[in-house]
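What follows is a set of notes on a single structure, which appears directly below.
Every heavy atom of this structure was used, including side-chain atoms; hydrogens, water molecules and symmetry mates were not.
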Amino acid sequence: GATNLTQAIQATDSLSGVAPGGTVQVSTTPNPVSQAPAQGDQRPDLLAAREEVRRAETETRLQRALRSPNVTLGGGYKRDFGTNAVVFGVTFWNKNQGGIARAAAAQRVIASNLASVELDVRLDIQQAQNSVDVNRARADYIERQVLASARESRDVVSESYRLGAMDLIDFLDAQRAFRDTLRTYNRALFDYRVSLFELDAALGLSSVQQ
């Protein structure tokens, strides 16, 4: 959303890469988040599903508390073939069986939904963890193998050029090859940092920090 792309940018954090002087500084050790138990207990969708379960349990208890029988008293005068009698009656009705059944059915549906959300959360966390592991291994491999080799080749060509053993074209080609490798490495580091953020989100830690 920036309107002026020519403005200088002050970074608030550093991305591991080549420091002044051409030395490589990288930190691809496992993030503490990736070593935490992958439960996702702070995920908003999981918290909402568990709250629905508690609400359904409360509703079921309420409906069961309302099942007190409704007592109906009745009376009258009965006359049958010359026999007269006074009749009294007491009727008991349990009028909340339907409410109890509906509440119990809703509780089962909500419990099933909670199980589905928990499964989705575990899947999201596992996928995010896999992405972190893959991107960390990729950045580490590029740093230790590809970038180190490209830097060594550049240094050899640079020294040869300084001594007059190679011409300017070879020197520029070596510099270009090193910069291309460095660009690939920085992209790998970027992907690794993004995967860490996605793992935080899958664990529900981003919303907690905010």
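Clustering ILVMFWY residues whenever any of their side-chain heavy atoms sit less than 4.5 angstrom apart, transitively, puts V109 in a cluster other than the one holding V53.
Among all heavy-atom pairs drawn from R136 and Y192, the shortest one is CB-CE1, 3.4 Å. Across every non-hydrogen atom of A139 and L189, the tightest pair is CB-CD2, 4.0 Å. A128 approaches L199 most closely through the heavy-atom pair CB-CA, 3.7 Å. Listed here is the closest heavy atom pair of I125 and A202: CG1-O, 3.6 Å.
With rounding to the nearest 0.5 Å, the separation of CD1 in I110 from CD in E51 is 11.0 Å. Of the inter-residue distances, the one linking T58 atom OG1 with Q63 atom CD reads 12.0 Å to the nearest 0.5 angstrom. Rounded to the nearest 0.5 angstrom, L196 CG and D191 CG are separated by 11.0 Å. Rounding to the nearest 0.5 Å gives a distance of 8.0 Å between CG of D124 and CG of D45. Y161 OH to L168 CG: the interatomic distance, rounded to the nearest 0.5 Å, is 4.5 Å. The distance from atom CZ of F178 to atom CG of D173, rounded to the nearest 0.5 Å, is 15.5 Å.
Using a cut-off of 4.0 Å between Lys/Arg side-chain N and Asp/Glu carboxylate O, E57 and R54 are scored as not salt-bridged. With respect to R176 and D180, a salt bridge is recorded, a charged nitrogen being found less than 4.0 Å from a carboxylate O.
Residue pairs that meet the salt bridge (Lys or Arg N to Asp or Glu O under 4.0 Å) test with at least one member in residues 108-118, sequence neighbours left out, are R50-E118.
For the pair L114/E52, no side-chain contact is recorded, criterion being any heavy-atom separation below 4.5 Å from C-beta on. The side-chain heavy atoms of F197 and V194, taken from C-beta on, include no pair separated by under 4.5 Å. Counting heavy atoms from C-beta outward, Q175 and V157 have side chains that stay 4.5 Å or more apart. Counting heavy atoms from C-beta on, the side chains of Y185 and E143 come closer than 4.5 Å. Proximity of I100 to T60: side-chain heavy atoms (C-beta onward) are nowhere separated by under 4.5 Å. L47 is not listed as a side-chain neighbour of R43, based on a closest heavy-atom distance of 4.5 Å or more.
For S131 and N135, the side-chain atoms include at least one donor-acceptor pair closer than 3.5 Å.
Annotation for E152: atom CD does not count as buried by contact number, only 12 or fewer foreign heavy atoms lying within 6.0 Å.
Under a 3.5 Å cut-off, the side chain of S116 and the backbone N or O of S112 do not form any donor-acceptor pair.
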